[in-house]
Amino acid sequence: MVLASLSTGVIARIMHGEVVDAPVLQILAIKKINSAADSERYRILISDGKYFNSYAMLASQLNVMQHNGELEEFTIVQLDKYVTSLVGKDGAGKRVLIISELTVVNPGAEVKSKIGEPVTYENAAKQDLAPKPAATSNSKPVAKKEPIHNNNNNVVMNSSINSGMTHPISSLSPYQNKWVIKARVTSKSGIRTWSNARGEGKLFSMDLMDESGEIRATAFKEQCDKFYDLIQVDSVYYISKCQLKPANKQYSSLNNAYEMTFSGETVVQLCEDTDDDPIPEIKYNLVPISDVSGMENKAAVDTIGICKEVGELQSFVARTTNKEFKKRDITLVDMSNSAISLTLWGDDAVNFDGHVQPVILVKGTRINEFNGGKSLSLGGGSIMKINPDIPEAHKLRGWFDNGGGDSVANMVSARTGGGSFSTEWMTLKDARARNLGSGDKPDYFQCKAVVHIVKQENAFYRACPQSDCNKKVVDEGNDQFRCEKCNALFPNFKYRLLINMSIGDWTSNRWVSSFNEVGEQLLGHTSQEVGEALENDPAKAEQIFSALNFTSHIFKLRCKNEVYGDMTRNKLTVQSVAPINHKEYNKHLLKELQELTGIGSSN
DNA sequence: CCCCCCCC
């Protein structure tokens with residue numbers, strides 16, 4: 001039987017902070033530490049044949065080896081991953097060795113006895129502390145430079161970073177808190193506030209990834225402020241001293257039983273040199289937009305496209321939760337000649353500038369199915385990148401800038417009121433002739449039309465000032481306004497627009513109604529300005545309203561039959577207006593001409 | 001300690 005040789009004298013070097021690759025040591029004893037609560041930890045007396053260390057610990061993911069009887073007395077092991085760390089107040093206490101990966105070289109039953117006469121390493125002679133040039137082990141001195149961004153004098157952190165030894169994310173658990181991970185941020189939420197029966201506060205969360213796995217981390221309140229700016233998607237960080245707790249799988253799709261919470265102790269340090277380490281890049285499983293049609297509802301989608309159209313920023317109050325949300329729908333097109341609607345939320349929606357028609361890369365967007373169509377929504381854990389510097393993006397840019405997106409034929413998303421791309425072109429006369437609006441659901445179409453008459457009468461009403469209520473208020477006199485819906489009296493109100501106008505295309509004229517936001521867009525003034533002008537300044541009102549006359553727009557119209565008493569009227573409501581995109585409108589006209597005449601090439 | 005993402 002051949003026994004492995006121990007790395008004689010190596011414990012003195014390791015315990016003075018030197019990095020030694022794969023030392024071979026002998027276990028002389030192992031026992032369970034009586035520690036608090038549910039944690040299970042093992043302390044080891046370990047020897048290199050010359051020195052011993054009685055302050056060695058097993059990282060808890062190795063407990064299973066002890067359970068299996070693999071770490072008995074006299075076992076020879078190779079340490080594959082370990083850190084040293086000072087424990088005790090202010091780092092002034094004892095240095096311990098924490099072993100997170102090891103390989104059994106010879107089982108204790110084979111070895112049968114203690115090798116050498118090891119003594120404590122603390123009195124080790126100088127020659128044992130200097131790295132040996134001829135040593136078979138691969139060693140290098142500890143880097144002396146202080147890490148940048150070190151926001152805490154943290155010994156575990158520094159020694160781990162300097163030694164290059166960090167813990168895999170997959171090994172983290174609530175039972176072991178001496179760890180440092182090196183992880184890439186794959187997504188980061190905005191700052192969110194909450195207020196409920198248990199209190200209020202703010203937070204942001206992030207997803208972290210290394211070669212072993214992924215985990216979600218959340219920073220609340222002070223930590224939210226402290227770390228929000230430092231944490232950036234795609235960057236790699238050393239992170240230590242977070243609390244771990246079981247993940248609530250209901251809310252997380254990440255593959256980890258635990259999640260982390262930043263604490264006052266948490267240390268985060270940017271890792272700027274990531275060229276040759278194994279932290280994987282974020283992987284994008286890009287699918288062509290056309291493929292989304294065939295995917296399951298709620299499935300996650302990574303894709304890339306050009307933002308061909310941008311919707312207005314919209315605010316609404318969720319019916320069930322009463323929370324206010326901001327969103328913006330944009331339309332992506334790609335070389336599969338397909339278009340899909342993507343919903344942005346919160347800050348992404350507010351700050352989005354789509355007028356330059358950027359390339360949009362998304363990861364982890366969710367499919368929402370509606371009316372047989374599918375759209376994407378950028379939810380928690382999703383990432384959006386604007387004009388990413390990747391070959392696919394440059395290819396798309398070239399395609400689109402050469403007219404590639406002008407004749408997109410395949411609409412993956414359903415026709416919607418607000419959505420624009422999928423609305424069918426139709427003349428006002430055809431809308432009548434085809435009995436649009438006579439079904440159970442409204443019909444939608446778009447046309448190019450000129451504004452002929454705008455009515456100033458009843459162009460506004462005084463509405464409840466509550467942000468989530470637009471109900472007309474009753475003037476009680478004495479500057480008091482009653483909202484029946486909110487059952488409350490207010491000293492003020494807000495103006496809401498309800499613009500009726502006659503528009504015409506080359507086939508006929510129709511009266512249409514426009515609600516507040518569209519009205520503001522058409523008149524170029526806020527509802528407050530319009531309301532005040534109509535009430536107090538007729539000349540100004542005339543100026544505002546007449547400016548709209550004889551202007552042309554692309555109107556997206558909702559068409560529905562409505563019953564008033566015994567009368568049924570076919571009603572048109574303006575869903576949105578947009579300036580005329582002549583390039584695109586002409587494409588439509590050419591297509592119509594070709595269909596009418598049968599003359600012309602297919603492009 | 002959050003965990004909401006509507007409507008059509």
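The chains referred to below are lettered A, B, ... by the order of the sequence lines, with proteins before strands, and numbering in each begins at 1. Keep in mind that what you see is a predicted model, and the values were worked out from it rather than measured. Reckoned from all heavy atoms, side chains included, excluding hydrogens, waters and symmetry mates.
- The aromatic rings of A:His588 and A:Tyr585 lie tilted to each other, with the angle between the two planes from 30° to 60°.
- Within the nucleic acid shown, A:Ser377 has no heavy atom closer than 4.0 Å to any nucleic acid atom.
- In this model, the phosphate group of B:dC2 is not approached by any side-chain N or O of A:Asn248 to a distance below 4.0 Å at OP1 or OP2.
- Within 4.0 Å (heavy atoms only), A:Gly380 reaches at least one base atom of the nucleic acid.
- Rounded to whole Å, the distance from CG on A:Asn470 to C1' on B:dC7 is 15 Å.
- Heavy atoms of A:Glu259 sit under 4.0 angstrom from at least one base atom.
- Between A:Trp345 atom CH2 and B:dC4 atom C1' there is a gap of 9 Å when expressed in whole angstrom units.
- The distance from atom CZ of A:Phe352 to atom P of B:dC5 is 23 Å, rounded to the nearest whole Å.
- Here A:Trp194 does not lie in a stacked arrangement on the base of B:dC1, lacking the combination of planes under 30° and ring centres under 5.5 Å apart.
- At a cut-off of 3.5 angstrom, the base of B:dC6 holds at least one donor-acceptor pair with the side chain of A:Lys327.
- Between A:Gln250 and A:Phe262, the residue anchored nearer the 5' end of DNA chain B, judged by the nucleotide with its closest heavy atom, is A:Phe262.
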For this session: Apply salt bridge (charged side-chain N to carboxylate O under 4.0 Å, His left out) to the pair A:Lys298 and A:Glu369, showing each step before the final yes or no.
Result: CA-CA 8 Å; A:Lys298 301 298 167 196; A:Glu369 201 166 349; over 6 Å; no
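- One can place CG of A:Asn196 at 8 Å from C1' of B:dC1, the figure rounded to the nearest angstrom.
- The distance between atom CD1 of A:Ile330 and atom C1' of B:dC5, rounded to the nearest whole Å, is 16 Å.
- Qualifying salt bridge (Lys or Arg N to Asp or Glu O under 4.0 Å) partners for A:Glu517, counting only residues two or more places apart in sequence or in other chains: A:Arg496.
- For A:Met260 and B:dC1, the CE to C1' distance is 16 Å, given to the nearest whole Å.
- Distances shorter than 4.0 Å separate some side-chain N or O of A:Arg192 from OP1 or OP2 on B:dC3.
- As judged by a 4.0 angstrom heavy-atom cut-off over every strand, A:Lys323 is placed among residues touching the sugar-phosphate backbone only.
- Annotation: side chain to side chain donor-acceptor pair (under 3.5 Å) contacts of A:Arg216 (sequence neighbours excluded): none.
- Scanning both residues, A:Asp505 and A:Lys448, for their nearest heavy atoms gives CB-O, 3.2 Å.
- Distances shown here put a side-chain N or O of A:Lys245 below 4.0 Å from the OP1 or OP2 atom of B:dC1.
- Aromatic stacking of A:Phe325 on B:dC5: not satisfied for centres closer than 5.5 Å together with planes under 30 degrees.
- Across the protein-nucleic acid pair, A:Glu312 atom CD and B:dC8 atom P stand 20 Å apart, rounded to whole Å.
- As judged by a 4.0 angstrom heavy-atom cut-off over every strand, A:Arg216 is placed among the base-contacting residues.
- Taking atom OH on A:Tyr251 and atom C1' on B:dC4, their separation rounds to 10 Å, with Å as the unit.
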